[in-house]
Amino acid sequence: MTIVTRFAPSPTGFLHIGGARTALFNWLYSRHVGGVFRLRIEDTDRARSTPEATQAILDGLRWLELDWDGEVVYQFARMARHAEVAREMLAKGHAYHAYETPDELARMREEQKKAGKSIRYEGHWRDRDPKDAPPGVKPVIRLKAPATGETVVEDLVQGTVRVANEQLDDMVLLRADGTPTYMLSVVVDDHDMGVTHIIRGDDHLTNAFRQSQIYVAMGWEIPRFAHIPLIHGADGAKLSKRHGALGIGEYEKMGFLPAAMRNYLLRLGWGHGDVDIISTEDSVKLFEIGDIGRAPSRFDLAKLTNMNGHYIRAGDDANLLACAEPFIVQKLGRPLTAPQHGRVLRGMAGLKQRAKTLVELADAALFYCHERPIPVADKAKALLGGVGREHIRALAPAFAGLGEWSEGAAEAALRAYVEKSGVKMGEVAQPLRAALTGQAQSPGLFEVMAALGREETLGRLADAAK
RNA sequence: GCCCCCAUCGUCUAGUGGCCCAGGACGCCGGCCUCUCACGUCGGUAACGUCGGUUCGAAUCCGUCUGGGGGCGCCA
């Protein structure tokens, strides 16, 4: 049997870190078993669903490179089918009409709260004759849930979880206006879509009981559940849109790589021994639901950043440039010229060693892209005064006279100068660095000279010598 | 209030009765490398929440308490 997983977000806001991880786990598991990963947008809440949010979710998944199979299912479009199932349950005696108004229910909840009782629908219309219905009130359809015994969920992550049926009330399946509730829609859609494994946040664990009852009432096979612990914010509370959580798009803007994000999210709650760096390819091979932890975890930006640095250092130069170029262009306010593009590419080996995000990478690459005379930072200016300038003036001819322009040749020339003049390497290297990059820190000098090329190097030295 | 889940360094975790006076990673602190900054590397800091069982032996099994989280909508 084909294993089918799904990610089913509601488009009421952006895709945050928790949702992204849920999507990742579903994707990973389906790829691991050679199954199918589907996407369903749960847009039945018309008041809160927006096209912008749907777009943000789609964009987020694409950025993370989590590709789904088949067409996206929009839940709202399947309303008629959901209502049909509700009526079928009514016909089979597994559901009934209830005539309380929302106001009445709110009042009842209020009284239960005041009396210190648990808050649930008491089932007033469960066995009442519909003939007693108050005139003019449109009924909802409620599930006739088992009143005794217990409902058991065999959860792939949480283990066997059981609850007494007295704890569960008769939930609404179809609203008075004829629209289905979430509880009904998920079950019908998951069933119709052939979903075999539901991997979702822990906050749905109690929903699994009620959904199981619908599966049982309809005589459908219950899928396997895997409720993964939530990701908490630094304060330990649930991460949500109104709780400091950022949309996945924000992380893109901060210069994180999708591969690093996937790796970080994977390690948040899933482990394979004590390895931290796991490629997406390997994680597809290794991912098992049973290895998901049961404890909630906190989001740690420092670790994500470190991991991102790892992926940048290990990245392919040309690809890194492609990823960083938009950031560079934004900072520059203009596109790169071909020579500048070439310099950054040649200098990438040294640049990527020093950056933890694409933003940092772009910042560090800027000096390769500036037109002469290049801007000079304050710290670098201090290096270019007095003795510093003298060294540059003395060195310029030595570099200009180089037969071959290479890292090795440049280094030999500088070392010869240092030896002859008896100064320390640092005393001359720093002014040189300031002249070439306009900064007090940069990748290795000779590497910079090689990447800059002879003409640009000599030009910048001349600018600084003035 | 009721129901459910969880509990190893600050954080992510390894650990499934003896190999653990608990290992790795991030962070933090120090050393080395060195033309700067990084990278790398070496070392340090730091945890089995409590109490009680079971056992020759418990981070690992059971219970209690405490703490944290989630849910209890004609939201999803």
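In what follows, every chain begins at residue 1, and chains take the letters A, B, ... in the order their sequences are listed.
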Taking only residues two or more places apart in sequence or in another chain, which ones pass side-chain contact (heavy atoms from CB on, under 4.5 Å) with P11(A)?
->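 Counting only residues at least two positions away or on another chain, P11(A) forms a side-chain contact (heavy atoms from CB on, under 4.5 Å) with I41(A), D43(A), S49(A), A53(A), T54(A), I57(A).
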
Tell whether R48(A) reaches the base of C75(B) with its side chain through a donor-acceptor pair below 3.5 angstrom.
->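 When only heavy-atom distances are counted, R48(A) does reach the base of C75(B) through a donor-acceptor pair under 3.5 Å.
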
Residue pairs passing the side-chain hydrogen bond (donor to acceptor under 3.5 Å, both in side chains) test where at least one lies in residues 345-361 of chain A, sequence neighbours excluded |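 Every side-chain hydrogen bond (donor to acceptor under 3.5 Å, both in side chains) pair that includes a residue of residues 345-361 of chain A, provided the two are not neighbours, is D317(A)-K352(A).
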
R267(A): what forms a side-chain hydrogen bond (donor to acceptor under 3.5 Å, both in side chains) with it, not counting sequence neighbours?
->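 Applying side-chain hydrogen bond (donor to acceptor under 3.5 Å, both in side chains) to R267(A) gives D276(A).
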
Output all residues satisfying side-chain hydrogen bond (donor to acceptor under 3.5 Å, both in side chains) with R313(A), sequence neighbours left out; order by chain, then residue number.
->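 Result, side-chain hydrogen bond (donor to acceptor under 3.5 Å, both in side chains) vs R313(A): none returned.
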
Is there any protein nitrogen or oxygen under 3.5 Å from a nitrogen or oxygen in nucleotides 34-36 of chain B, and what are the pairs?
| residue | atom | partner | partner atom | Å |
| --- | --- | --- | --- | --- |
| C35(B) | O2 | R433(A) | NH1 | 3.2 |
| C35(B) | O2 | R433(A) | NH2 | 2.7 |
| C35(B) | N3 | L445(A) | N | 3.3 |
| U36(B) | O4' | Q430(A) | OE1 | 3.1 |
| U36(B) | O2' | A440(A) | O | 3.3 |
| U36(B) | N1 | R433(A) | NH1 | 3.2 |
| U36(B) | O2 | R433(A) | NE | 3.4 |
| U36(B) | O2 | S442(A) | N | 2.8 |
| U36(B) | O2 | S442(A) | O | 3.2 |
| U36(B) | N3 | R433(A) | NH2 | 3.0 |
| U36(B) | N3 | S442(A) | O | 2.6 |
| U36(B) | O4 | R433(A) | NH2 | 3.4 |
| U36(B) | O4 | G444(A) | N | 3.4 |

N/O contacts under 3.5 Å, protein versus nucleotides 60-62 of chain B?
none

Does the structure show a Watson-Crick or G-U wobble partner for [N], both distances under 3.5 Å? Name it, or say none.
| N | value |
| --- | --- |
| C74(B) | none |
| A47(B) | none |
| A59(B) | none |
| C19(B) | none |
| G40(B) | C32(B) |
| A25(B) | U11(B) |

Which value, rounded to the nearest 0.5 Å, describes the distance between L61(A) atom CG and F7(A) atom CZ?
->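 If we round to the nearest 0.5 Å, L61(A):CG and F7(A):CZ are 6.0 Å apart.
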
Side-chain donor or acceptor of N308(A) paired with backbone N/O of G255(A) under 3.5 Å =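 Side chain of N308(A) to backbone of G255(A), a donor-acceptor pair under 3.5 Å: yes, one is there.
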
Could you tell me the separation between the [atom1] atom of [X] and the [atom2] atom of [N], rounded to a whole number of Å?
| X | N | atom1 | atom2 | answer |
| --- | --- | --- | --- | --- |
| M108(A) | C72(B) | CE | P | 17 Å |
| E360(A) | C39(B) | CD | P | 10 Å |
| E150(A) | C4(B) | CD | P | 10 Å |
| Y264(A) | U11(B) | OH | P | 12 Å |

Which part of the nucleic acid, if any, lies within contact of [X], taking any heavy atom under 4.0 Å across all strands shown: a base, the sugar-phosphate backbone alone, or nothing?
| X | value |
| --- | --- |
| Q112(A) | nothing |
| P102(A) | base |
| T44(A) | sugar-phosphate |
| V140(A) | base |
| L432(A) | nothing |
| H227(A) | nothing |

For the side chain of [X], starting at C-beta, report the closest nucleotide among [options].
| X | options | result |
| --- | --- | --- |
| R120(A) | C6(B), C2(B), C74(B) | C2(B) |
| N207(A) | A76(B), A7(B), C3(B) | A76(B) |
| R175(A) | C75(B), C3(B), G71(B) | C75(B) |

Residues in salt bridge (Lys or Arg N to Asp or Glu O under 4.0 Å) contact with R210(A), at least two apart in sequence or another chain |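 Only D169(A) meet the salt bridge (Lys or Arg N to Asp or Glu O under 4.0 Å) criterion with R210(A).
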
Listed once per pair and sorted, the ring pair (Phe, Tyr, Trp, His ring centres under 6.0 Å) pairs that draw on residues 132-184 of chain A, sequence neighbours left out =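 Applying ring pair (Phe, Tyr, Trp, His ring centres under 6.0 Å) to every pair that reaches into residues 132-184 of chain A, excluding sequence neighbours, yields Y182(A)-H204(A).
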
Got more than 12 heavy atoms from elsewhere within 6.0 Å of NZ, K381(A)?
->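 Yes, the 6.0 Å shell around NZ holds more than 12 heavy atoms from other groups.
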
Under 3.5 Å, N/O pairs linking protein and nucleotides 26-29 of chain B:
| residue | atom | partner | partner atom | Å |
| --- | --- | --- | --- | --- |
| C26(B) | O3' | N306(A) | ND2 | 3.2 |

Can you check nucleotides 16-19 of chain B for protein contacts, nitrogen or oxygen pairs under 3.5 Å, and list what you find?
none

Contact pattern, 5' to 3', of nucleotides 43-49 of chain B - B, S or - by protein heavy atom under 4.0 Å | -------

Listed once per pair and sorted, the salt bridge (charged side-chain N to carboxylate O under 4.0 Å, His left out) pairs that draw on residues 134-151 of chain A, sequence neighbours left out =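 Counting only pairs at least two positions apart or across chains, the salt bridge (charged side-chain N to carboxylate O under 4.0 Å, His left out) contacts touching residues 134-151 of chain A are E150(A)-R162(A).
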
